[in-house]
Amino acid sequence: MFDYRRFAVQKLAGLGPRFLPFADVASDPVPLSRLLRLSLFQVTVGMALVLMVGTLNRVMIVELQVPATLVAVMLALPLVFAPFRALIGHKSDTFQSALGLRRLPYIFKGTMLQFGGFAIMPFALLVLSGYGEAVDAPRWIGLSSAALAFLLVGAGVHVVQTVGLALATDLVPVEDQPKVVGLMYVMLLVGMIVSAFAFGALLENYTPGRLIQVIQGCAVVTIVLNGIAMWKQEARSRDRAAAPPAQTGFAESWGRLSARPGTLRLLAIIALGTAGFGMADVLLEPFGGQVLQMTVAQTTRLTVVLAFGSLVGFGLASRWLGRGAQALDVAMLGALIGVPAFGGIILSAMALSMPVLVGATLAAGFGAGLFSHGTLTATMRAAPRDQIGLALGAWGAVQTTAAGISIAAGGVIRDLVLLARPAGQSPADAYIPIFALEILLLVLAFVVVLPLLRRGTTDRMDHKTRADLAAREV
Amino acid sequence: MSNDPDKVWPTGLTLKEAEEVHSYLIDGTRVFGVIALIAHLLVAVSTPWLG
């Protein structure tokens with residue numbers, strides 16, 4: 001008699017491994033298509049950033065009439081978690097797993113946090129704005145649930161980006177890292193641009209129902225894209241499961257990483273340079289509008305020019321670094337281009353010349369692209385094999401915090417100067433100190449990096465330590 | 001299928017590995033459950049659907 005049970009089980013067992021999200025074996029050369037697929041998680045990160053900082057910023061203030069200060073506080077909340085990126089990275093480095101996984105469980109959890117935040121966000125915002133019967137509801141319900149939604153999305157983005165970058169670093173050999181870094185940045189930019197256009201088109205005729213659809217659709221897209229990105233990327237390893245990584249504490253592990261020559265200096269450069277380039281991000285458009293009297297369409301194009309400059313920067317940096325350039329040299333070239341670029345922006349305010357502003361913006365974007373690419377590649381190259389998560393977590397913590405603080409500081413400085421000066425003064429006076437401050441920060445970054453450049457040690461030393469580690473592992 | 005008593009038949013995972021895969025499933029279910037609960041509460045606050 002035909003044994004149905006046995007037949008079914010055999011079929012299932014044959015299918016089984018295909019439906020498990022981890023790879024069975026680590027294949028050595030990772031093809032570009034797989035890296036492209038992995039970089040999809042950056043698209044969801046970009047989407048989340050645009051939705052929160054761009055779209056919801058506007059929707060909350062204009063359509064939902066939430067006070068602007070409250071909106072600013074809500075949007076700044078995820079920044080609170082930024083320093084924990086280092087801790088998350090460390091935890092994924094030392095994760096105990098019977099399957100020998102390190103990154104996948106964290107990406108899964110991060111994706112769930114992101115999804116959960118988006119799932120409750122539209123309702124939280126509607127309650128916060130007093131939609132329908134929520135007018136009579138106690139105020140704390142709307143406040144706390146909106147805060148929870150933003151915290152969840154923010155925490156999810158931090159986890160996914162940190163651990164995703166660590167996984168990418170795990171997967172590719174040192175010489176391919178510049179390619180991966182370029183890919184990650186480009187995909188982040190692509191995600192931001194595409195989703196900005198998509199949200200704009202979808203929310204053109206705003207209704208509360210449409211808001212719910214868009215944000216929850218965003219949640220679904222997040223989980224689908226992250227799922228595709230992570231599918232069978234990390235190999236399970238019975239070796240690692242049999243000999244799990246040593247349970248070192250965070251402080252000890254951090255001490256070991258920061259004791260390596262150049263690590264702290266590199267983090268300082270990242271903080272200074274990111275703050276230097278970041279301040280202009282949100283001020284460029286109001287600057288163009290208030291000082292040069294550009295229209296909304298023109299200032300939007302200014303942001304496109306900035307993004308295009310970054311894109312060219314990422315591309316060229318990938319090329320140079322792939323041919324063996326030193327990562328820090330490229331980063332510093334970026335900072336050095338940034339100095340005259342911001343000088344040009346100041347000049348454009350004095351000469352009231354739009355071509356000068358566009359050219360300077362392009363150069364600033366180009367410099368920012370080179371700088372971001374160079375510093376992330378330097379971080380990856382400098383990371384010891386067993387501390388990749390921690391090193392990239394530290395990079396993310398410093399980078400996100402610096403960017404957040406600089407954007408906030410730029411806005412605050414502008415408003416204070418505008419307040420302090422009587423009306424009738426040129427609005428340019430409020431912007432010039434900020435651009436001057438950016439130049440100062442970039443020069444400082446260059447000064448900090450000089451000793452590293454002269455020694456020229458970071459990259460070479462790392463090949464050596466990496467070879468040592470590899471030898472020890474064998 | 002296999003003579004290894006530690007192997008969970010028929011997937012070829014060991015008992016510990018299977019438990020780990022299962023733990024992710026449980027975690028996910030819990031998180032989704034809590035999220036769904038909060039979302040339903042919030043909807044009920046703005047548009048009471050229980051009358």
Side-chain angles (χ1 to χ4, degrees), chain A residues 6 8-17 19-22 24 96-101 104-105 108-109 111-113 115-138 141-142 144-146 148-149 152 208 212 216 219 223 236 238 241-242, chain B:
Chain A
R6 194 182 161 81
V9 165
Q10 262 175 354
K11 278 279 173 228
L12 274 179
L15 286 176
F19 292 100
L20 288 174
F22 34 77
D24 265 325
Q96 301 282 338
S97 161
L99 290 161
L101 299 174
L104 201 59
F108 174 59
K109 283 171 195 166
T111 306
M112 280 204 299
L113 290 178
F115 175 88
F118 281 138
I120 60 172
M121 190 176 281
F123 308 122
L125 293 182
L126 290 177
V127 172
L128 183 69
S129 68
Y131 171 77
E133 307 282 318
V135 191
D136 306 323
I141 297 183
S144 57
S145 55
L148 179 70
L152 283 175
I212 298 174
Q216 294 208 324
I223 223 160
R236 68 180 159 135
R238 289 230 158 105
Chain B
M1 289 288 241
S2 163
N3 294 327
D4 187 349
D6 206 27
K7 283 251 164 86
V8 182
W9 190 77
T11 55
L13 297 171
T14 65
L15 200 57
K16 263 187 147 170
E17 288 169 343
E19 275 170 0
E20 189 175 316
V21 172
H22 185 60
S23 80
Y24 297 136
L25 192 73
I26 295 288
D27 277 355
T29 313
R30 280 186 188 142
V31 172
F32 283 128
V34 172
I35 293 295
L37 192 69
I38 297 175
H40 278 79
L41 281 177
L42 286 171
V43 175
V45 167
S46 58
T47 46
W49 36 261
L50 273 184

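Residue numbers start from 1 in every chain, and the chains themselves are labelled A, B, ... in the order their sequence lines are given, proteins ahead of strands.
- Of all heavy-atom pairs between A:A137 and B:V45, the closest is CB-CG1, 3.5 Å.
- Considering all non-hydrogen atoms of both residues, B:A39 and A:A119 come closest at CB-O, 4.5 Å.
- Within the structure, side chain to side chain donor-acceptor pair (under 3.5 Å) contacts touching residues 26-48 of chain B (residues at least two apart or in different chains) do not occur.
- Of the atoms belonging to A:L148, it is side-chain heavy atoms, and not backbone ones, that fall under 4.5 Å from chain B.
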Open item on the list: Determine whether B:L41 and A:I141 satisfy the following criterion, side chain to side chain contact (heavy atoms under 4.5 Å, CB included), listing intermediate values before the conclusion.
Closed with: CA-CA 10 Å; B:L41 281 177; A:I141 297 183; over 6 Å; no
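- The candidate from A:P122, A:G130, A:A134, A:G132 with the greatest count of non-hydrogen atom pairs under 4.5 Å with chain B is A:A134.
- Only the side chain of A:L152 has a heavy atom closer than 4.5 Å to any heavy atom of chain B.
- Both the backbone and the side chain of A:Y131 have a heavy atom closer than 4.5 Å to some heavy atom of chain B.
- For A:Q96, the side-chain contact (heavy atoms from CB on, under 4.5 Å) criterion is met by A:P244, A:Q247, not counting sequence neighbours.
- Below 4.5 Å, heavy atoms of chain A meet heavy atoms from B:V31, B:F32, B:I35, B:I38, all part of residues 31-38 of chain B.
- You'll find the side chain of A:M112 stays beyond 4.5 Å of the side chain of B:Y24, heavy atoms only.
- Here the side chains of A:L126 and B:L42 are not in contact, with every heavy-atom distance at 4.5 Å or above.
- B:E20 pairs by the salt bridge (charged side-chain N to carboxylate O under 4.0 Å, His left out) definition with nothing, not counting sequence neighbours.
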